[in-house]
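Single-structure report; data block below.
Residue numbers begin at 1 in each chain, while the letters A, B, ... track the order of the sequences.
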Protein chains: 2
Amino acid sequence: MADSQELRKAGLKATLPRIKVLEVLERSKLHHMGAEDVYKILLNAGEDIGLATVYRVLTQFEGARLVTRSNFEGGHSVYELNHGNHHDHILCVKCGKVDEFVDDVIEKRQRDIAAKAGYILTDHSLNIYGVCADCQSAAEQAQSIL
Amino acid sequence: MADSQELRKAGLKATLPRIKVLEVLERSKLHHMGAEDVYKILLNAGEDIGLATVYRVLTQFEGARLVTRSNFEGGHSVYELNHGNHHDHILCVKCGKVDEFVDDVIEKRQRDIAAKAGYILTDHSLNIYGVCADCQSAAEQAQSIL
DNA sequence: ATTTTAGATGAAAAAGATTCTCATTATCAT
DNA sequence: ATGATAATGAGAATCTTTTTCATCTAAAAT
């Protein structure tokens, strides 16, 4: 099956846990999932895969560039399939929803800043935190009830 | 003494642990310190202040806007005195050095992006990771030896 | 100056996320 | 099929941070 191929192409043995984790990442409607999320889905699906393995697999996937890891405030990280398109995140502090965005101007200025500071840029992370539209209207609802 | 005043002005009782933590933040040459760093300095200074208290105090300081907390990759956070000037961080993945920068263009685009996505912006964090000039030349040194 | 009282502290336990250990098992090349 | 190599599961370990709770202290009241 296709996932096995993809794993081997990435230089990883096509083991059951890896295939299953990859399936979860591909099939879930959530684009951003924590290790625990993946683990729970596998549990509910009746798979017998340990949490430690999920962590290991996700870390390997990251190394193999299959997924990208993002670290958010509060020591909470999520993984997402790497579709080649770099992007940053904007997330809701109420409901945890994660949206993506790209801004070429920001990207360029970051490179300039790194160069000016004498750094060889290896990575960057830009996260914007806020209250999403849904949670704003939910808050209004609550207001009107009180 | 001045620190007591500052604490009361911030709405916090001027207790010994708070004063000591504030002193450490003011006197250390490192501008960015983790809770553990502060704790160790206090230990070495012979102060009898628990790690839990350091965490509590730093969290309170953050709430009182005396310090700002930044979360870096790998679940590692640092605190720094809040001098009113917002800035982002660029840090060296080799030596851990942290530099600061501000870019008005980036700041503005972030606000625009949040607005366009329908979010009420509450916070943002931009961290650039790279290899600093010092570590680059250190790497060259190592090269020439081999 | 002494008492009062709300709030703060220290020590240890708990929690949460992630990594490590190691005996067992599965994968892939042969 | 089979063996060498690498991966897995379960639980222990680690690391950072938070919580609990009995004790203590800063600041207000007397």
When you list every nucleotide of DNA chain C with an atom under 4.0 Å from a heavy atom of chain B, which one comes first 5' to 3', and which comes last?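 Taking any atom under 4.0 Å from a heavy atom of chain B, the span is C:dA6 to C:dA12.
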What one-letter contact string describes nucleotides 23-30 of chain D from 5' to 3', where B marks a base within less than 4.0 Å of any protein heavy atom, S marks contact via sugar-phosphate atoms alone, and - marks no contact? ---BS---
Hey, is the side chain of A:Arg18 poking within less than 4.0 Å of OP1 or OP2 on D:dA7, counting only N and O atoms?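 Yes, such a contact exists.
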Under 4.0 angstrom between B:Tyr55 side-chain N/O and D:dT18 OP1 or OP2: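 Checking D:dT18 against B:Tyr55, no side-chain N or O comes under 4.0 Å of OP1 or OP2.
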Return yes if some donor-acceptor pair links the side-chain N/O of [X] with the main-chain N/O of [Y] below 3.5 Å, else return no.
| X | Y | value |
| --- | --- | --- |
| A:Asp88 | A:Phe101 | no |
| B:Asp37 | B:Gly34 | yes |
| A:Ser28 | A:Val24 | no |
| B:Arg18 | B:Lys13 | yes |

I'd like to check the side-chain contact (heavy atoms from CB on, under 4.5 Å) partners of A:Asp134; sequence neighbours left out, ordered by chain and number.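 Per chain and number, A:Asp134 pairs via side-chain contact (heavy atoms from CB on, under 4.5 Å) with A:Lys97, A:Cys132.
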Listed by chain and number, what are the side-chain contact (heavy atoms from CB on, under 4.5 Å) partners of A:Leu25, not counting sequence neighbours? A:Val21, A:Met33, A:Val38, A:Leu58, A:Phe61, A:Val67, A:Leu81
Contacts table for residues 114-122 of chain B: side-chain donor-acceptor under 3.5 angstrom, sequence neighbours left out:
from     : atom 1 : to       : atom 2 : distance (Å)
B:Tyr119 : OH     : A:Asp99  : OD2    : 3.0
B:Thr122 : OG1    : A:Tyr129 : O      : 3.1

Please list, chain by chain and in numerical order, all residues satisfying side-chain hydrogen bond (donor to acceptor under 3.5 Å, both in side chains) with A:Glu80, sequence neighbours excluded. A:His32, A:His87, A:His89
Given the rule in the salt bridge (charged side-chain N to carboxylate O under 4.0 Å, His left out) test, do B:Asp104 and B:Lys108 qualify, once you have shown the distances and angles that lead to the verdict? CA-CA 6 Å; B:Asp104 290 336; B:Lys108 175 166 187 350; over 6 Å; no
Can you list the other members of the hydrophobic cluster that holds A:Val102, where links are side-chain heavy atoms under 4.5 angstrom apart?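 Direct or chained contacts put A:Val102 with none.
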Student check: side-chain heavy atoms of B:Asn71 and B:Ser125 closer than 4.5 Å: no
Side chains of A:Arg111 and A:His124: closer than 4.5 Å at any heavy-atom pair? no
Holding to ring pair (Phe, Tyr, Trp, His ring centres under 6.0 Å), I want the full list of residues that pass it with A:His76, two or more places apart in sequence or in another chain.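 By the ring pair (Phe, Tyr, Trp, His ring centres under 6.0 Å) rule, A:His76 matches no residue at all.
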If you assign A:Arg56 and B:Val54 each to the DNA chain C nucleotide with the nearest heavy atom, which residue ends up on the more 5' nucleotide?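 Nearer the 5' end of the strand: B:Val54.
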Just how large is the angle between the end axes of the helix from C:dA1-D:dT30 to C:dT30-D:dA1, five pairs per end, to 10 degrees?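 Computed angle between terminal axes is 30°.
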Provide, to the nearest angstrom, the distance between the NE2 atom belonging to A:His76 and the C1' atom belonging to D:dT17.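 Rounded to whole Å, this separation is 16 Å.
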Would you kindly give the CG-to-P distance between B:Leu58 and D:dT17, to the nearest whole Å?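 From B:Leu58 CG to D:dT17 P: 10 Å.
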Is there any salt bridge (Lys or Arg N to Asp or Glu O under 4.0 Å) pair reaching into residues 46-62 of chain A, and which pairs are they, with sequence neighbours excluded?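 Residue pairs with at least one partner in residues 46-62 of chain A: A:Lys20-A:Glu47.
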Looking at D:dT17, does its base get a donor-acceptor pair with the side chain of B:Arg69 below 3.5 Å? no
Within a 6.0 Å radius of atom NE2 on B:His86, are there more than 12 heavy atoms belonging to other residues, nucleotides or ligands?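 Atom NE2 in B:His86 is crowded, with more than 12 foreign heavy atoms closer than 6.0 Å.
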For DNA chain D, find the residues of residues 29-37 of chain A with a heavy-atom distance under 4.0 Å and give them by number; none if there aren't any. none
Nucleic acid contacts of residues 41-53 of chain A, taken as heavy-atom distances under 4.0 Å to DNA chain D: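 Those residues whose heavy atoms fall under 4.0 Å from DNA chain D, taken from residues 41-53 of chain A in numerical order, are A:Asp48, A:Ile49, A:Gly50, A:Ala52, A:Thr53.
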Between CD on residue B:Gln110 and CD1 on residue B:Ile113, distance to nearest 0.5 Å: 7.0 Å
